[in-house]
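Each remark here refers to the structure printed beneath this line.
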Amino acid sequence: MRTRDAWTEVVPGFFQLRVADVNCYLVRTAEGLTLFDAGLPRTGPLLRDVLRHLEARLSDIDALVLTHGHFDHVGTARKLHDAGVAVFVHPRDAELARHPYSYRPAAPRVTYVLGHPRGIPVITRMAFAGALTVRGVEAQPRVAHGHVIDVPGAPTALWTPGHTDGHCAYVFEREGVVITGDALVTLDPYTGESGPQIVANAATSDPASAMAALDTLASTDAGVALPGHGEPVLDGVRSAVSAARRRGPH
């Protein structure tokens, strides 16, 4: 498991930014730049590094699209919004994006983390990266299941509720890439365990729905899956979904 903050081009045009085991993705197409999720507050400098590599500026980002409204995915959203970047989210997560700590998971967070000590270093890294100081954002609730979003790359939104009520994944059919957010991860921040899985009950609203949403991800048959936490999946989303089903809710 890598822990150092870094960015990498996973496949052509898809840049993973990883800060404190939280991922977001900058996608470059001929039409422009779209950022998927906004990471933690400390993601800002790394985002600027990637933009310099691309000879671009913050103002060149055409849109920020949120997979969901949790604090570790909206960390730099307010700054981007204030810089004029349009921010989009599913209607059922619009309120959460405004108040990114206001959610009730299936299991109490503190006692869960204390019972899973391998997750404590991950949670600690997130805290030092600003996880406790995130400000919400007023996102446009214009994401709808099965509809193409009018942003560079024209991804199709897939409603994958369970982790949150309005969680969405985004599939780039031509490129064979699906951004899974926290509907499918390869590192669980709350247990510290690697491998394809849904996120622990300490951060998931409805584990049964989260398991059902794996079917939606599998239906994309994407060759590459880009999760909100952990390493990219490069051998097909279906194999990752199968492993997540075996792991089950936890």
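Side chains included, hydrogens not; waters and symmetry mates left out as well; all remaining heavy atoms used.
Side-chain atoms of T186 come within 3.5 Å of backbone atoms of E231 as a donor-acceptor pair (strictly under, hydrogens ignored). The closest donor-acceptor contact from the side chain of D72 to the backbone of L40 lies at 3.5 Å or more, if one exists at all. Checked by atom type and distance alone, the side chain of W159 pairs as donor or acceptor with a backbone atom of D165 at under 3.5 Å. Using modelled atom types, one side-chain atom of Q197 and one backbone atom of G195 make a donor-acceptor pair closer than 3.5 Å. Judged by distance alone, with hydrogens and angles left aside, the side-chain atoms of H229 form no donor-acceptor pair with the main-chain N or O of P227 at under 3.5 Å. Put simply, the side chain of R238 never gets that close to the backbone of D221: no donor and acceptor are under 3.5 Å apart.
You'll find the side chain of R246 reaches within 4.5 Å of the side chain of S242, heavy atoms only. Side-chain contact check for L96 versus S102: some heavy-atom pair is nearer than 4.5 Å. The closest side-chain heavy-atom distance from L58 to L80 is below 4.5 Å. Between H250 and T191 the shortest side-chain heavy-atom distance falls below 4.5 Å. Looking at heavy atoms from C-beta onward, R92 lies out of side-chain contact with P161 at the 4.5 angstrom threshold. Residues V27 and F172 have side chains in contact (heavy-atom distance under 4.5 Å, counting atoms from C-beta outward).
Under a hydrophobic-cluster definition in which Ile, Leu, Val, Met, Phe, Trp and Tyr are linked whenever side-chain heavy atoms come within less than 4.5 Å, directly or via other members, V89 and L226 are assigned to different clusters. Residues V237 and F36 fall into different hydrophobic clusters, defined by Ile, Leu, Val, Met, Phe, Trp and Tyr side chains chained together at heavy-atom separations under 4.5 Å. Note on L114 and V199: separate hydrophobic clusters, where clusters join Ile, Leu, Val, Met, Phe, Trp and Tyr whose side-chain heavy atoms are under 4.5 Å apart, directly or indirectly. Linking Ile, Leu, Val, Met, Phe, Trp and Tyr whenever their side-chain heavy atoms come within less than 4.5 Å leaves L234 and V171 in two separate clusters. Hydrophobic clustering places I61 together with L64 (ILVMFWY residues linked when any side-chain heavy atoms are closer than 4.5 Å, directly or through intermediates).
Between the CG atom of L35 and the CG atom of L66 there is a distance of 8.5 Å, given to the nearest 0.5 Å. Atom CG of L158 and atom NE2 of H167 lie 11.0 Å apart (nearest 0.5 Å). Atom-to-atom distance recorded for D21:CG and R125:CZ is 4.5 Å, nearest 0.5 angstrom. To the nearest 0.5 angstrom, T216 atom OG1 is 12.0 Å from L184 atom CG. With values rounded to the nearest 0.5 angstrom, L17 atom CG is found 11.0 Å from D37 atom CG. Between atom OG1 of residue T156 and atom NE2 of residue H145 there is a gap of 10.0 Å, rounded to the nearest 0.5 Å.
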Decide yes or no on ring pair (Phe, Tyr, Trp, His ring centres under 6.0 Å) for Y103 and H70, but give the supporting numbers first. CA-CA 8 Å; Y103 63 96; H70 279 168; 4.0 Å; yes
D5/R42 under side-chain contact (heavy atoms from CB on, under 4.5 Å): CA gap, chis, key distance, verdict: CA-CA 9 Å; D5 297 353; R42 204 176 71 196; 2.6 Å; yes
Between L54 and L26, is the side-chain contact (heavy atoms from CB on, under 4.5 Å) condition met? List the steps. CA-CA 11 Å; L54 298 175; L26 184 67; 3.9 Å; yes
Determine, stepwise, if the pair H163 / I198 fulfils side-chain contact (heavy atoms from CB on, under 4.5 Å). CA-CA 8 Å; H163 184 62; I198 66 169; over 6 Å; no
As a quick check of understanding, evaluate side-chain contact (heavy atoms from CB on, under 4.5 Å) for N201 and Y190, giving each step before the final call. CA-CA 9 Å; N201 294 346; Y190 289 84; over 6 Å; no
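Closest approach of A106 and S205 over heavy atoms only: CB-O, 4.0 Å. Counting all heavy atoms, side chain and backbone alike, V134 lies closest to P100 at CG1-CG, 4.0 Å. Residues M126 and P189 approach most closely at SD-CB, 4.0 Å, considering heavy atoms. The heavy-atom pair separating T204 from G162 by the smallest distance is CG2-O, 3.3 Å. Across A183 and L217, no two heavy atoms sit closer than the pair CB-CD1, 4.0 Å. When every heavy atom of A38 is checked against every heavy atom of C24, the shortest pair comes out as N-CB, 4.2 Å.
Classification of the H53-W7 ring pair by plane angle, with boundaries at 30° and 60°, yields tilted. In this pair, H116 and Y112 present their aromatic rings parallel. The plane angle is below 30°, not in the 30 to 60° band. In this pair, H73 and H68 present their aromatic rings tilted. The plane angle is within the 30 to 60° band.
Within 6.0 Å of the CG atom in D150, the count of heavy atoms belonging to other residues, nucleotides or ligands does not exceed 12. F128 CZ: 12 or fewer foreign heavy atoms inside a 6.0 Å radius. Within a 6.0 Å sphere centred on CZ of R247, other residues, nucleotides and ligands contribute more than 12 heavy atoms. Counting non-hydrogen atoms of other residues, nucleotides and ligands closer than 6.0 Å to CZ of R98 gives a total above 12.
Under the 6.0 Å cut-off for aromatic ring centres, Y25 and Y170 do not qualify, their centroids lying 6.0 Å or more apart.
With salt bridges taken as basic N to acidic carboxylate O contacts below 4.0 Å, none links R118 and D188.
The side-chain contact (heavy atoms from CB on, under 4.5 Å) with T220 is formed by just one residue from the set V241, V178, T180, V177; it is V178.
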